[in-house]
Amino acid sequence: MFAKLAQVAVLATAFIASAGVTAKPIPAPAAGQALAARGYYSFDNWGGYSSLSGFDNFYGADNFVGSISSETVVEQDSTLVCHSESIEIIQQRLLVLQEMAKRIITEQICEVETQTIVFEQFHASLGSFSSDLRRHSGHQVGYDRSIAGHFGDIVSSDGSLSTNDFGFSGHDLGSNYAIVGGSNWNDATSPASVGSAFSAARGAISA
């Protein structure tokens, strides 16, 4: 079970991250100028939209994409190892995750401005995983097991999107980090081969 979760979580992030470039939020309006002057961006009540109230609390005004997080690696078990699966099976599941993200944003946010900001945050946070995969970020390659464990709680038994609080914020990201074993990473050869794969994917995006 954990192996399946690990594969979907890791590959979903990698696939969506490769689909676009990391975006930066626009500077905060007058209320957030002090933060902006220090390189931070506040979106708490940005533009006067009440739907953005408390936005900064999740990751912090200095951490828009959620890339600043500690990693506490949880004890591993022998089942948490990647395994090869048909690429079409993987792509199907990633498309499900993609469309679920669209559903959450469009069904549970009414202001288009807030939809835009929330999506850019989501998009950019996934994009940062690309640096993890290429071993450029200094982060270990894995996922938060506790947060991923809430995947089944997103949809209620009647098929509607749930609205209950899962009890965590972006500050908790990485506190139950799981490392998936079994990859073919090789310190001597993988930087070049993975770099080539990254360049090929980016070339396909730009074409």
Side-chain angles (χ1 to χ4, degrees), residues 8-9 12-72 94-132 137 139 143-177 205:
V8 171
T13 306
F15 180 84
I16 301 174
S18 69
V21 297
T22 298
K24 293 183 178 180
I26 59 177
Q33 287 305 317
L35 285 172
R38 300 200 303 272
Y40 303 163
Y41 294 86
S42 174
F43 286 99
D44 199 355
N45 290 306
W46 184 93
Y49 295 101
S50 61
S51 56
L52 286 168
S53 177
F55 181 94
D56 296 343
N57 295 338
F58 196 74
Y59 287 119
D62 61 339
N63 191 25
F64 181 77
V65 302
S67 59
I68 303 173
S69 63
S70 60
E71 294 174 0
T72 302
L94 298 180
L95 188 55
V96 169
L97 295 175
Q98 172 186 299
E99 295 308 297
M100 181 57 74
K102 293 179 185 179
R103 180 185 177 188
I104 292 169
I105 290 171
T106 55
E107 285 191 16
Q108 297 191 318
I109 304 173
C110 293
E111 292 82 8
V112 178
E113 295 81 4
T114 301
Q115 290 176 345
T116 299
I117 291 170
V118 169
F119 175 75
E120 289 306 314
Q121 181 182 53
F122 170 68
H123 184 261
S125 65
L126 284 175
S128 67
F129 186 64
S130 175
S131 294
D132 297 350
S137 66
H139 292 166
Y143 67 97
D144 191 292
R145 176 184 286 181
S146 178
I147 293 175
H150 287 283
F151 181 78
D153 301 327
I154 294 175
V155 178
S156 301
S157 58
D158 63 358
S160 63
L161 292 175
S162 65
T163 58
N164 56 305
D165 188 342
F166 293 153
F168 63 82
S169 77
H171 297 287
D172 298 308
L173 180 63
S175 60
N176 287 278
Y177 214 63
I205 293 168

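As a basis for the values below, the full set of heavy atoms in this structure was taken, side chains included, without hydrogen atoms, waters or symmetry mates.
- Formation of a donor-acceptor pair under 3.5 Å by the Ser137 side chain with backbone atoms of His139 is found in this model.
- At a threshold of 4.5 Å between non-hydrogen side-chain atoms, the residues Ile117 and Phe55 count as touching.
- Between atom CG of residue Leu52 and atom CD of residue Glu111 there is a gap of 8.0 Å, rounded to the nearest 0.5 Å.
- Between the side chains of Asp44 and Ser42, no donor-acceptor pair of N or O atoms lies under 3.5 Å.
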Identify all side-chain donor-acceptor contacts of residues 147-157 below 3.5 Å with residues at least two apart in sequence or on another chain.
residue : atom : partner : partner atom : Å
His150  : ND1  : Asp153  : OD2          : 3.1

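- The salt bridge (Lys or Arg N to Asp or Glu O under 4.0 Å) contacts involving residues 97-110 comprise Glu99-Lys102, Arg103-Glu107, where partners must be two or more places apart or lie in separate chains.
- The aromatic rings of Trp46 and Tyr49 lie parallel to each other, with less than 30° between the two planes, well short of the 60° mark.
- Scanning both residues, Gln108 and Ser162, for their nearest heavy atoms gives NE2-O, 3.2 Å.
- Using a 4.5 Å cut-off on side-chain heavy atoms (C-beta onward), Met100 and Leu161 make contact.
- Not a single donor-acceptor pair under 3.5 Å links the side chain of Ser53 to the backbone N or O of Ser50.
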Check the pair Asp132, Phe129 against side-chain contact (heavy atoms from CB on, under 4.5 Å), reporting the backbone distance first and the verdict last.
CA-CA 5 Å; Asp132 297 350; Phe129 186 64; 3.5 Å; yes
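- In this structure, the separation between CZ on Phe168 and CG on Asn176 is 11.5 Å, given to the nearest 0.5 Å.
- Remark: Ser146 engages no residue in a side-chain hydrogen bond (donor to acceptor under 3.5 Å, both in side chains) (not counting sequence neighbours).
- Looking only at distances, a side-chain donor or acceptor of Asp144 sits under 3.5 Å from a matching main-chain atom of Gly174.
- Considering only heavy atoms from C-beta on, Val118 comes within 4.5 Å of Ile109 through its side chain.
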